[in-house]
Structure formats: structure tokens, C-alpha cells
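Computed over heavy atoms, backbone and side chain alike; hydrogens, waters and symmetry mates excluded. Per chain, numbering begins at 1; letters A, B, ... match sequence-line order.
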Amino acid sequence: MASTSVSKGQILSLYRSLLRTARQFSDYNIREYTKRRTVDGFRQNRGLTEPSLISAAFSEGKSQLQVAERQAVVYSLYAPDIRSVMETNLKGKR
Amino acid sequence: MASKLLASNLRRTLAKATASAPALRGFSTSAAATASATATEPYEDPTGEIRMKGVKISARPLYLDMQATSPVDPRVLDAMLPYYIGRYGNPHSRTHVYGWESEQAVETARSQVAELIGASPKEIIFTSGATESNNISVKGVMKFYKEKKRHVITTQTEHKCVLDSCRHLQQEGFDITYLPVGADGLVDLEKLRAAIRPDTGLVSVMAVNNEIGVIQPMEEIGQICKEFKIPFHTDAAQALGKIPVNVDKWNVSLMSLSGHKIYGPKGIGALYMRRRPRIRVEPQMNGGGQERGIRSGTVPTPLVVGMGAACELAAKEMEYDDKRISGLQERLLKGMRSKLDGIVVNGSEERRYAGNVNISFAYVEGESLLMGLKEVAVSSGSACTSASLEPSYVLRALGVDEDMAHTSIRFGIGRFTTEEEIDKAVELTVEQVEKLREMSPLYEMVKEGIDIKSIQWAQH
């Protein structure tokens, strides 16, 4: 495990990157899930104090970010022309 | 089949052609050519509408049919894609790196699957899905031990593929006991015990029911099977990744698993086969001897990798998903019950998987309700029987009245379902049920206090 400790700035930056990538998903359900899972995951790990556990969680988050970045592109390549009923209704209300 | 497809395409081209007159000329030759050329034409037309089976919708319905199949998790797809691109080797090729890397990936996936069910990787056989695993289990075991064992015990609420495999055995002279279930959908353990005979070769009971979501008392059934030294098979396709599954706790000898019910790819499944004490089967597929001769045929590396990734993910996310899905189930039931009367949840309410909510709506015609719910993708029961208008055999086995069995809807909640979707589904269902009840003379009579069951319908 990496012995170098992870700074608060790095963690916040990872959090923001994950949320930014989540918003790029063209699929309604995947987009909402990625946002929700990011927020819940960080909230769950908020109480971690052990540096080795923090850096393990951090590198896990990093690899998840890479997966999300790749998949956001894949999803955008095959995005259906027609959106989910959940999105069209939101638009209709406004 | 192909000609049917062509004809339907032709019809569509014709409809389009009438809109623009010049295209009509020379139809018999050129249009036929375009028809075959546009055989893969997407059903989404540029105006932003879906036209299919006479239904026109302007948005994709919200998906609440997770028991039929689940969407592939992007993390699973991410693991699979490399094996669709550069790493295309046959995992059985022993002479080059393409084969070696594929074999390694398959073996990693085997351990991922084994890990989730508390088994050894050596006990996992990859198949095309739970249907194949069920076939190997039921037919394979009985045919292997046919000299001494001539009897199988199963339940009336099993999946079609187990029941049909049993039918097949019956034609070959085996005896089958189809155990009845209680009104809650659960097997009576005493009845199981009483059904056991000296020549009973297999007990097959599914863990989580696909239609109503009830969880059978697996540990207790496993204990009884152990006592009588009878192999125990379970179809755990709907249980894997959703409730804790452990082959030793349940004492199963065989277990069928599926990839696409746990956010993995379709076309892949696995069969757990106990090594100690060893269970043996007669292969249903013969050939190159892959998967230790139990299931010949090239192992599909990308699909296997996907199933492995889905299992690993399920192990990691089970607690999180379960908490969420339970919350959504509560939200759904609360929403329905606060606005509608005469709704019944089918199957035991305590012993059930939260993601499967099977509800009957009294005084409503089931098909009309499903047709009215165009914006919600749900089904009346299992996908396999959703084409027939007959009420589900599972609900009939529970003793659900004919009229209630006709009005059942299964709401399947999953990892990607949102609160907003549940609210929307409740809103649309309530709206539709109220509309249908308003038209129903039966509902009017019930409101006036007439007991429908006491009515003497005129005989013709």
C-alpha cells in the first residue's frame, strides 16, 4: 500500500471529478446511480482515520473514476435518440 | 421468421412510400430491395417516437422488470470490452498467448463466481444460463443414477425449465412429486419429508421465486436432504447477489446461476457442482470436453468475464443495494396502499426479496392495466409466459382466486431504480387502476356493499 498520505484537496478533487463524469452519462438511470453512489460512498468513508485505509479507498475511487470516464464515452456513442420518460416529463413541467 | 420480418418491413416501407408519391413507382423491385436493405432499420424514427407493435411512445418507459432481466452495469461492460476487442483468444488454445490470457481471465471469473457463493472455483461450470444449468442438474443427475434412483421431488412453483425437465423425465418413466405450496408460496417441510422415498434421487427447490419473490427455507430443506442423503438442487438465478448465498449453509449439491439477472451479460450462467461428497451428472452437451466434460463448447470469454465482474460487484454492493431496494419497496407499497384499496401482495410478506413486488389489483382486468401502463415497463409474471393470457401457474399454486390471478403485476426494483421512478410508477398505476375501476360495474357493486362472490350469474 502507498505510504504517502492523501491530502484533503486530492480527495475533494476526486469527488468533484466523479460527479462531473457522472453527469456525462447519457442514460438517466446510470447517471443518477453514479451520482448517488459517489455521494454515498464518500459519505460512508468520511469517518476513516487510518491512513492506509484512506489511501486504499482513494485508489479504489481513482480506478472507479477511470471506469466511469471510459463508460461515459461508450454510452454516449450508443445513446438512443429517445430519452427516458423520466427526463421528458421533467422538461414538460418546466 | 425471416420472411415475416421482411413482410413487416415491406409494410412499413409501403406506408412511408404512400406519403411520398414518387417513391411509389417501381415498388415491386426497388422497394423490395430497400426492404431487405433496411432490415436493420431502427424502430426509432427521426421524429423522436418509438413505434412498435402498434404502440406509439415518445419516451423510453421507466424500467421495472428486473426479474426478467437487468441492465448491464457499466463496470461489468468495462471489464468485458477488452475481450471483445484485442483479447479474442480461445481460452482452450494452449499454444499461444491469446489462449493463455483468455484462460487466465476465465479462471479469474470462476473464482469470482465461487467467492460469492462460498464455493471452490473447481466446483463452478460455466453454461449458457440458468436454464441450461437446471437442465443439466435435473436430467443429468437422474440419468446418471437411473439404475437406483427413479424419483424426483420438486415444487409446483418452480421455473418452467425445471418443470419441463421433470416432464421430460416423466416421459422416460421417472416418478415426479410436485409439492404444493402454501398461500404464502412457501414449501411445507413436513410435506417434503413425507414425499421422500428410498429411490428419491433429487430434490429441486428454487431459492427465490421469479414471479412472486418469496424465499424458500433453504437451510431447513438442505438439512432434510442431508439427513436422507439426497442431492439437493436449487435454482438460485433470482437469489444470487440479492440475498446471501452459501452452498455449505444451504447444503446444496447443485446450484444454477445466471449472469443477466445480476447486471451481467445475457447468454452466460454457471452451475455449481459439489465435489465433496461428489455429485455426478450425465452431460447434456457432448463435444470437445470443455468444463470437465460437463458442458462441451468453447467457453465465451467476454461473457464469462462479465459474469465474474458482476459477481464481484454483487458481493461488494449487496448490502448497499439491499438497503436501497428495501427502501424503494416500502415507498412503492406505501404509495399504492395510501391511494388504492383492494390491493394484495402475492406471496409471503416477511420471507421475500424486496426487489420483487407482485401485486394483484382487485376489480381490474390485468391486460387492460398492462396496456394502459405504457410508460412503465412491467409484466404480469415471468417473461417466459407473458405472451399467454392464462393466469400464472405460480399464483394458482398459491390458491389465488382466478380473478385476482388475472390482475397481478410484478414490479421489479433494482440497483439503478430511482425514487422518482417509483413515485412515477405509483402515480401512473393509481391513475390507471382508478380509471379502469370507474368503468367497472363490479367495482360499483362492491362499493354499494354487494358481495360479488354471492352473485348468481345467469346460466345460459
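- Look at B:Asp322 and B:Lys242 and you find no salt bridge, because none of the NZ, NE, NH1 or NH2 atoms lies under 4.0 Å from a carboxylate O.
- For a residue to count as touching a neighbouring chain, one of its non-hydrogen atoms must lie under 4.5 Å from one of that chain's; by this rule B:Arg415 touches chain A with backbone and side chain alike.
- Options A:Gln64, A:Arg70, A:Gln44 differ in how many heavy-atom pairs under 4.5 Å they form with chain B, and the most are formed by A:Arg70.
- Taking chain A as the reference chain and counting heavy-atom pairs below 4.5 Å, the highest number among B:Val376, B:Asp78, B:Thr417 is found for B:Asp78.
- Contact annotation for B:Tyr63: neither backbone nor side-chain heavy atoms come within less than 4.5 Å of a heavy atom of chain A.
- Between the side chains of B:Tyr88 and B:Thr301, no donor-acceptor pair is found at a separation under 3.5 Å.
- In the model, A:Asn29 has a side-chain atom that pairs as donor or acceptor with a side-chain atom of B:Glu421 under 3.5 Å.
- Both the backbone and the side chain of B:Pro74 come within contact range of chain A, with heavy atoms under 4.5 Å apart.
- Between B:Thr69 and B:Lys261, the side chains place no donor N or O within less than 3.5 Å of an acceptor N or O (distance only, hydrogens not considered).
- For B:Tyr263 and B:Phe416, the gap between ring centers is short of 6.0 Å.
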